[in-house]
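Have a look at the structure below, then the notes.
Residue numbers run from 1 in the order of the sequence given. These numbers come from a predicted model, not from an experiment.
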Amino acid sequence: MSEAKASLSATLIGFGEAGSILSSGLVKAGAQSVATYDIKFDGADGEAMMARARAAGVHPAPTPAEAAAGAEIIIAALTASASVDAARIAATYIKPNQYY
């Protein structure tokens, strides 16, 4: 009897310490797809952060909306001070049947 793998598409908003650990764990657990967006992707360390994401099997997206496109769950792995603004922005792109 073969085991069925879970099919999950996930997005992490925030690719700092928590976001990188969570997204890498989802990839290792067999998630169908994992994407991420971090506001720092546009900064001086952005290219290095995106390279770390790709090396972990995570797709770095240029916007949070693009990262979330098609995801079943969207996880905000952010500081408490950034969470409210991120949720307000997420409300503009979250589709029916997506969980934030």
#### Entry: Non-hydrogen atoms of Leu12 and Gly19 that approach each other most closely
CG-O, 3.9 Å
### Query
Which heavy atom of Ala10 sits nearest a heavy atom of Leu26, and at what distance?
CB-CD1, 3.8 Å
### Query
Under the salt bridge (charged side-chain N to carboxylate O under 4.0 Å, His left out) rule, what pairs show up with a residue in residues 29-48, not counting sequence neighbours?
Glu47-Arg54
Compile the donor-acceptor pairs under 3.5 Å between side chains in residues 56-70 and protein atoms, sequence neighbours left out, one pair per line.
from	atom 1	to	atom 2	distance (Å)
Thr63	OG1	Glu66	N	3.0
Thr63	OG1	Glu66	OE2	3.4

### Summary
Between Met49 and Phe41, the two heavy atoms sitting closest are CB-CE2, 3.8 Å
### Query
Of all residues at least two apart in sequence or in a different chain, which pass the side chain to side chain contact (heavy atoms under 4.5 Å, CB included) check with Ser9?
Gln32, Ser33, Glu72
### Task
Taking side chain to side chain donor-acceptor pair (under 3.5 Å) as the test, write out the residues that go with Ser24, two or more places apart.
none
### Task
Applying side chain to side chain contact (heavy atoms under 4.5 Å, CB included), name anything that partners Ile39, two or more places apart in sequence or on another chain.
Tyr37
### Query
What is the distance from atom CD1 of Ile75 to atom CG of Leu22, rounded to the nearest 0.5 Å?
6.0 Å
### Task
Given side chain to side chain contact (heavy atoms under 4.5 Å, CB included), test Thr36 with Ile13 step by step and report yes or no.
CA-CA 6 Å; Thr36 190; Ile13 303 300; over 6 Å; no
### Task
For Ala71 and Gln98, work out which heavy atoms get closest and say how close.
O-NE2, 2.8 Å
### Summary
For Ile21, the side chain to side chain contact (heavy atoms under 4.5 Å, CB included) test, sequence neighbours excluded, returns Glu17
### Query
Under the side chain to side chain donor-acceptor pair (under 3.5 Å) test, which residues partner Thr92, sequence neighbours left out?
none
### Task
Spell out, yes or no, whether Ile89 and Val84 are grouped together once hydrophobic residues are joined by side-chain heavy atoms under 4.5 Å, including indirect joins.
no
## Note on the structure
Closest non-hydrogen contact found for Tyr100 with Ala90 is CE1-CB, 3.5 Å
### Query
Going by heavy atoms in the side chains, are Thr11 and Val34 under 4.5 Å from each other?
no
### Query
Any salt bridge (charged side-chain N to carboxylate O under 4.0 Å, His left out) pairs touching residues 82-95, not counting sequence neighbours?
Asp85-Arg88
